[in-house]
Amino acid sequence: MIASAAVLEELSAYQPAAEGERESLARIEELLRRAADPFTREHRDHITGSAVVARPDGSAFLLVYHRRLQRWLQPGGHVESADGSVLATALREAREETGVAALEIANGGRILDLDVHPIPATPKRPAHVHHDLRYLLTTRSDATVAEPLEIEKVAWFSMDEALASGADESLARALRKARRILAGPPDRLYQI
């Protein structure tokens, strides 16, 4: 089980890159302080983990086409009880949704990006809010769609292709950070 205090400590070292991200950081910290279990999807607001998956040189990004949301996104999803950290959630979700087992943790395992966003209601679940912690992973492997119900397809995109695919502002920000980190010296902290 993940402890809120551990995630709050991880967030204390994080420097948001933009105003929207500062707002997300404040909302995530507030959720972690007030909710008895902010990691369960049983609550309207909950923590999720996702991964920006890139080639080691930052030349391409692996995105998944989400069937219900009808858009290209980074792989990610809900925390499960066996996950020891939100990074572990992001790693597990990336493997499940892309079919790539050989993923490397980049950026020293530090948070890459934060985003709080609404998720529309479905017949089985009411509308809810994801408080998403995003991490950077790399791979030289190709994807093989693992056929999860919500993922329709998986594909590699250059930065320009990813931006042209309809990436929203937060995903575009995360991709730019990832490319900058991967193009820099090893284990470089992202600075704007």
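No experiment lies behind these values; they were computed from the predicted model shown.
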### Message
Is a donor from one side chain sitting under 3.5 angstrom from an acceptor on the other, for D160 and S158?
### Response
no
### Task
Please examine the side chains of L112 and Y135, heavy atoms only from C-beta on, and report whether any two atoms are closer than 4.5 Å.
no
### Task
Quick one: pull up CZ in R176 and CG in L171 and give me the separation to the nearest 0.5 Å.
10.0 Å
### Summary
When rounded to the nearest 0.5 Å, the distance separating CG of L63 from OG1 of T98 is 11.0 Å
### Query
For D57 and L182, which heavy atoms make the closest approach, and how far apart are they?
C-CB, 4.1 Å
### Summary
Interatomic distance, CD@E104 vs CG@L91, rounded to 0.5 Å, equals 9.5 Å
### Query
Would H46 and H131 count as a close aromatic pair, with their ring centres under 6.0 Å?
no
### Message
How close do P38 and S4 get, counting heavy atoms only, and between which atoms?
### Response
CG-OG, 3.4 Å
### Message
What I'd like to find out is whether the side chain of R34 reaches to under 4.5 Å of the side chain of D45, using heavy atoms alone.
### Response
yes
#### Entry: Within one Ile-Leu-Val-Met-Phe-Trp-Tyr cluster: V86 and V129, side-chain cutoff 4.5 Å
yes
### Task
Show your reasoning for whether side chain to side chain contact (heavy atoms under 4.5 Å, CB included) applies to E21 and K177.
CA-CA 13 Å; E21 220 185 348; K177 286 183 195 181; 2.8 Å; yes
### Task
Begin with the C-alpha distance, continue with both residues' side-chain angles, and end with the deciding distance and a verdict on side chain to side chain contact (heavy atoms under 4.5 Å, CB included) for E10 and S85.
CA-CA 10 Å; E10 185 178 8; S85 67; over 6 Å; no
### Message
Do F61 and Q74 make a side-chain contact, defined as non-hydrogen atoms from C-beta onward lying under 4.5 Å apart?
### Response
no
#### Entry: Salt-bridge criterion met for R27 and D132 (N-O under 4.0 Å)
no
### Query
Is it the case that more than 12 heavy atoms not belonging to E9 sit under 6.0 Å from its CD atom?
no
### Task
State, yes or no, whether a side-chain contact exists between E29 and Y14 at a heavy-atom distance under 4.5 Å.
no
#### Entry: R92 atom CZ, over 12 foreign heavy atoms within 6.0 Å
yes
### Query
Can you tell if the side chain of D115 reaches within under 4.5 Å of the side chain of R173, non-hydrogen atoms only?
yes
### Task
Using modelled atom types only, decide if a donor and an acceptor are shared between the side chain of R134 and the backbone of S50 within a distance under 3.5 Å.
no
### Task
List the steps, then state whether side chain to side chain contact (heavy atoms under 4.5 Å, CB included) holds for L8 with R33.
CA-CA 8 Å; L8 283 166; R33 287 187 180 102; 4.0 Å; yes
### Query
Which distance, rounded to the nearest 0.5 Å, do you find between the CG of L25 and the CG of L114?
6.0 Å
#### Entry: Interatomic distance, D168 atom CG to L163 atom CG [nearest 0.5 angstrom]
11.0 Å
### Query
So, do L32 and L11 sit near enough that their side-chain heavy atoms are less than 4.5 Å apart?
yes
### Query
So H78 and H128, would you call those rings parallel, tilted or perpendicular, with 30° and 60° as cut-offs?
tilted
### Query
With a 4.5 Å limit on heavy-atom distance, are the side chains of L62 and V100 in contact?
yes
### Query
How far apart are the closest heavy atoms of L73 and H66, and which atoms are they?
CD1-CB, 3.8 Å
## Note on the structure
Value for CD (E19) from OG (S24), rounded to nearest 0.5 Å, stands at 10.0 Å
### Task
Grab the two heavy atoms, one from A17 and one from R22, that are nearest each other, plus how far apart they are.
C-NH1, 4.4 Å
### Query
Are F39 and T89 side-chain neighbours, meaning at least one heavy-atom pair lies under 4.5 Å?
no
### Task
Using the rule that two of Ile, Leu, Val, Met, Phe, Trp, Tyr join whenever any of their side-chain heavy atoms come within less than 4.5 Å, decide whether L133 and I119 are in one cluster.
no
### Message
Could you report the tightest heavy-atom contact between A121 and A127, atom names first, then the distance?
### Response
CB-N, 3.4 Å
### Task
State whether the side chain of E93 and the backbone N or O of A51 hold a donor-acceptor pair below 3.5 Å, judged by distance alone.
no
### Message
Is it the case that the side chain of R55 and the backbone of T138 share a donor-acceptor pair, with hydrogens and angles ignored and the cut-off at 3.5 Å?
### Response
no
### Query
What is the minimum heavy-atom distance between T139 and P56, and which atoms define it?
O-CD, 3.4 Å
